[in-house]
Amino acid sequence: MGENLINILGLSSLLTIVLLVLVLVVKMERLKQVRATVNKLKKSLDEMDEQAKLIVHTDMELNKTQEELDKKVNSLYALQRLSRAISTSLEEGKIFKMIDAAYLIELGFEKACGFLWSRDEQKFLLQINTGYLPAEMEAIQSTLTLEQDKFSELIKKQKTVSSISPKIDLWLKEKIKKLFLSETFILSPILPKEGSKGLLFVGTENPDTVITEGDEELITIVANQISQALDNARLYEKTWAAQQDLEKKVEERTRELTLVLNEVKIISKRKTDFISSVSHELRTPLTAIKGYASILLAGKLGELPLEIKERLEKINRHSDELVHLVNDLLDIARIESGRMEMKKEALDLKKIIETVADLLAGQMKQKHIDFSSEVSEDAKAVFADRGQIERVFINLIGNAIKFTPQKGKIMVHTLALNDQVQVNVADTGCGIPEEALDAIFEEFYRVDNPINQEVKGTGLGLALVKHIIEAHNGKIWVKSRPGAGSTFSFTLPKPS
Amino acid sequence: MAIQVGLGTSIDKDPLKAAREAAKTARLNLHSENVDLAVVFSSVEFTHTTFLKTIAAVAGTVNIIGSSSFGIITSQAIFKSGIAIMLFSFPETIHFSCACIKDVGPRPAASIGIELADKLSVEFKNVRRNVGVLFSDGLMQDSSGLLDGLRERFGMSFPLAGASSSDNLTFKKTFQYFNTEVLNYAVCGLLLGGRLNFGLGVQHGWKPLGKPRYVTKSSANIVYEIDGAPAAKVYEEYFASDIEKLRKDLRRILAFYPMGIYLPGEQEYLLRSLLFITDSGALVFQGNIPQESEVRLMIGTKESCLAAAGQAADEVKRGLAGRPCNFVFVFESISRYILLGRQINKELGIIKEKLGKDIPIIGIYTYGEQAPLKSIDYHGMVHFHNQTIAILGIGG
């Protein structure tokens with residue numbers, strides 16, 4: 001019984017051990033599998049990490065390339081905008097203000113400043129600052145001024161220098177770096193053709209920033225454009241100053257001329273007043289002389305001998321001429337002083353011309369002059385003083401008769417302008433020499449010709465005509481050539 | 001009455017003229033006589049010693065807070081060089097306070113955070129605090145510590161949006177603006193509370209690459225060893241380069257390949273920008289990387305970054321839950337500006353498309369951003385980020 005029990009226990013133990021061994025084997029197998037999986041995963045993770053390294057490496061390279069590309073694109077954009085901004089200003093003081101710091105930063109530099117040398121103040125004047133604190137900038141400015149010899153020399157060399165440039169001494173390179181607090185820099189001279197010169201500095205504290213020759217060229221272009229803009233502004237300023245000067249001179253001269261004109265007006269008024277008063281004074285004794293002469297001629301004081309009668313007739317005739325002259329003078333004086341009242345009304349030129357032609361028909365007949373007039377429907381109505389306009393026609397046609405030889409022609413014709421009517425009085429007379437054309441309307445001017453030497457005249461007719469026409473806001477002029485006749489033209493307003 | 005906002009910008013090269021012009025425009029655009037606060041952002045060349053006095057005089061307020069930056073973001077455009085001012089007139093239902101801690105350089109960051117929080121809270125007795133805005137010197141080493149201090153006073157989940165001031169990528173001097181003072185090594189804060197609504201979105205769009213690695217030795221923002229080897233080895237391996245070459249490419253690495261810290265429960269990794277590689281092969285980052293963190297190298301594309309900006313704006317909308325938004329602050333990493341390049345305006349377009357084309361936006365490019373983590377695991381705790389866009393929309 002006991003032995004059986006031992007056998008059973010032994011067997012079951014054996015079975016258990018076998019089972020356990022089997023489980024252990026399975027577990028070990030599983031553990032092996034798990035370990036293999038873990039190793040696989042670990043390997044995958046390591047591989048993934050290696051891939052990550054590759055990604056990071058590639059990403060870094062891509063970023064660098066992207067940055068460089070961005071920098072180039074930004075530089076070109078910035079250059080374009082800078083150029084546009086700089087060229088828009090014609091004021092020297094505003095050129096640098098047009099440079100937006102953002103553009104320079106886009107060029108890849110966080111620090112930038114620009115100076116121009118002032119001869120008056122004997123120092124470099126700050127024109128633009130970006131990236132420097134006010135205190136830092138003050139220090140830069142004062143050092144630049146203190147050591148202006150070195151920097152002026154640099155400007156004179158007309159070359160852009162940079163931290164990669166082999167063109168400058170090492171000590172100067174270090175000095176610039178220290179002064180402008182930049183590890184990497186480009187310094188380009190601003191060289192306008194005239195006036196104060198200066199320098200443009202761009203830099204960065206980042207020692208890793210790589211400057212290329214392209215960057216140097218870019219900054220040189222910016223500095224050149226500033227120089228050009230300064231030239232333009234200075235030229236513009238010069239032109240503007242000259243224009244201002246000219247305007248000032250014109251203004252001064254105008255003022256002088258106005259003063260002279262006022263003086264002339266005063267003198268002219270005095271002359272008019274004098275003529276007016278003298279004429280009045282003359283008319284009274286003339287009337288008396290003419291009166292007495294008439295009485296004597298009429299024989300009211302007894303019959304006179306023929307010789308005395310002839311003399312008295314001469315006195316009478318000369319008195320008439322004198323009265324005529326005095327009246328003309330008085331009328332001119334009245335018109336000049338504005339005392340002559342013009343009774344303006346709508347007039348029919350055709351009728352006036354006919355009336356005057358009738359009045360002068362005898363004289364024309366005597367010289368066999370062919371008179372014709374042509375007054376169109378649209379150019380016959382004028383707004384004027386009848387009496388004065390008749391005087392104009394009498395004077396002009398009268399003159400034409402006087403200077404037109406036997407069997408000559410006098411033509412009067414009108415033409416419509418916008419709000420005026422132009423009247424032309426043409427003759428086939430002896431004409432007027434060119435040198436006399438300007439003076440012909442002046443008082444007491446008489447053209448030097450045989451007819452004038454023969455026929456007496458006051459020299460006031462055309463002056464009076466001019467005054468009458470001008471009093472009607474019209475104009476009068478003459479076209480003539482010696483031997484080819486004359487055409488007197490004047491304008492009068494149409495009735496509104 | 002709602003919050004009144006007036007935005008003004010200028011790119012005039014004369015800092016004082018620019019300040020006057022921008023303040024004048026902001027004043028004209030602010031449809032209110034009362035000016036409570038001015039937020040001023042400018043590129044470094046505009047940080048004239050007296051330009052804030054000019055702004056105060058023209059804007060009619062001495063409550064000024066702001067920062068220098070690599071570039072300025074506004075709803076009108078993105079300026080590489082310029083000045084932007086946003087003026088605020090708050091209704092009585094909204095409270096605000098500004099405070100500043102100067103000369104923070106040598107002090108422990110956490111104590112600065114505590115002091116700033118205390119100063120900001122003085123004006124907020126019995127008033128509900130809603131959200132805070134921070135501007136700190138971008139060269140401050142321990143930005144994460146600063147947040148520890150703020151969290152200690154305001155609570156773990158108090159929402160903050162912050163920006164580390166930047167310069168022209170020279171890492172030499174950044175500026176903080178407080179009232180009429182132009183400061184360095186300062187931390188300025190703005191606390192807003194009362195009846196206002198806000199939405200805060202934070203995204204970056206960078207994706208992990210390669211196998212996970214573990215920080216085996218680190219201290220604050222310096223990582224000495226990764227997977228038991230000098231930390232720089234990771235970068236050496238990925239870039240098939242030695243330390244010297246890596247240093248030369250550092251700016252590119254900073255912008256394009258940050259280190260991502262895995263955060264359980266968070267959709268996105270917390271990013272850290274590489275600042276410096278020591279001779280011994282340690283990596284100095286812009287924010288802390290705790291020891292034993294799981295980290296991975298990150299890679300970004302323009303598309304993923306643009307998509308992230310859209311997602312951040314969507315988060316703002318979700319936070320506002322349909323309530324109106326009066327203005328938007330954008331704090332965005334410089335790296336994103338570099339990565340997006342000429343597509344940077346596209347990003348602004350996406351934000352405007354999501355939050356409204358006429359909404360006033362003002363923002364800066366930063367050396368680091370402070371914003372909350374979203375997942376439940378982190379209880380909305382504010383962290384220091386790199387390479388991120390943080391958008392804060394406020395209405396009230």
Side-chain angles (χ1 to χ4, degrees), chain A residues 41-42 44-64 66-67 69-71 73-74 77 96-106 109-114 126-137 181-183 204-210, chain B residues 11-16 43-51 68 70-71 77-82 167-173 175 182 208-213 234-241 245 247-253 255-257 296-302 338-339 341-343:
Chain A
L41 276 172
K42 200 169 171 275
S44 293
L45 199 63
D46 285 338
E47 278 172 1
M48 195 185 80
D49 202 46
E50 288 306 313
Q51 284 166 1
K53 285 171 192 169
L54 245 153
I55 291 169
V56 169
H57 199 62
T58 316
D59 190 60
M60 183 80 148
E61 290 306 314
L62 270 173
N63 276 330
K64 278 183 187 173
Q66 178 76 47
E67 261 180 52
L69 266 173
D70 275 354
K71 193 183 160 192
V73 172
N74 285 344
Y77 268 127
F96 285 93
K97 284 195 178 124
M98 303 301 288
I99 302 172
D100 193 331
Y103 301 159
L104 292 169
I105 289 160
E106 275 175 37
F109 305 96
E110 81 268 4
K111 289 177 188 291
C113 52
L126 178 68
Q127 306 294 324
I128 180 178
N129 166 29
T130 181
Y132 289 104
L133 297 174
E136 289 172 343
M137 188 36 72
L181 311 166
S182 299
E183 274 302 314
T204 170
E205 277 184 74
N206 181 6
D208 307 328
T209 302
V210 182
Chain B
I11 51 167
D12 195 296
K13 287 170 186 66
D14 181 325
L16 295 183
S43 46
V44 279
E45 60 272 27
F46 285 81
T47 50
H48 190 276
T49 45
T50 61
F51 91 118
S68 68
F70 174 77
I78 289 166
F79 303 105
K80 183 63 197 74
S81 176
D167 59 10
N168 285 337
L169 266 179
T170 58
F171 292 95
K172 279 194 172 168
K173 211 173 205 180
F175 300 91
V182 175
L209 193 73
K211 63 182 182 185
R213 294 166 187 272
V234 175
Y235 278 90
E236 282 178 328
E237 279 176 18
Y238 279 111
F239 294 98
S241 186
K245 277 187 190 166
R247 279 181 181 152
K248 278 193 172 172
D249 276 329
L250 200 62
R251 276 162 198 265
R252 220 167 263 119
I253 294 169
F256 301 132
Y257 313 101
R296 289 178 82 175
L297 189 78
M298 307 293 285
I299 191 165
T301 64
K302 288 182 171 70
I338 298 167
L339 179 74
R342 275 183 286 151
Q343 289 198 33

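Predicted model only: the values in this text are computed from it and were never measured. Protein chains get the first letters and strands the later ones, always in sequence-line order, with residue 1 at the start of each. Heavy-atom basis, side chains included; hydrogens, waters and symmetry copies ignored.
The contact between L297(B) and chain A is made entirely by side chain atoms (from C-beta outward), counting heavy-atom distances below 4.5 Å. Heavy atoms closer than 4.5 Å to chain A are found nowhere in L169(B), neither backbone nor side chain. Only the side chain of F175(B) comes within contact range of chain A, judged by heavy atoms closer than 4.5 Å. Residue E136(A): no heavy atom, backbone or side chain, is found under 4.5 Å from chain B.
Note that NZ of K53(A) is 11.5 Å distant from CD of E236(B), once rounded to the nearest 0.5 Å. One finds the NZ atom of K172(B) at 10.0 Å from the CG atom of L133(A) (value rounded to the nearest 0.5 Å). To the nearest 0.5 Å, the span separating CG on N168(B) from OG1 on T130(A) amounts to 7.0 Å. Rounding to the nearest 0.5 Å places CG of D59(A) at 11.5 Å from CZ of R252(B).
For K211(B), the salt bridge (Lys or Arg N to Asp or Glu O under 4.0 Å) criterion is met by D46(A), not counting sequence neighbours. Every residue was checked against the salt bridge (Lys or Arg N to Asp or Glu O under 4.0 Å) condition with K42(A), not counting sequence neighbours, and none meets it.
Residues D49(A) and R213(B) meet the side-chain proximity criterion, which asks for heavy atoms closer than 4.5 Å.
Note: L209(B) leads L209(B), I299(B), D167(B) in heavy-atom pairs under 4.5 Å with chain A. Ranking F239(B), F256(B), Y257(B), F46(B) against chain A, the residue ahead of the rest is Y257(B), based on heavy-atom pairs under 4.5 Å. Chain B forms the most heavy-atom pairs under 4.5 Å with one residue out of G131(A), P134(A), A135(A), and that residue is G131(A).
Few gaps surround NZ on K302(B); more than 12 heavy atoms of other groups in view lie less than 6.0 Å from it. For L181(A), the CG atom is densely surrounded, since the number of other residues' heavy atoms within 6.0 Å is greater than 12.
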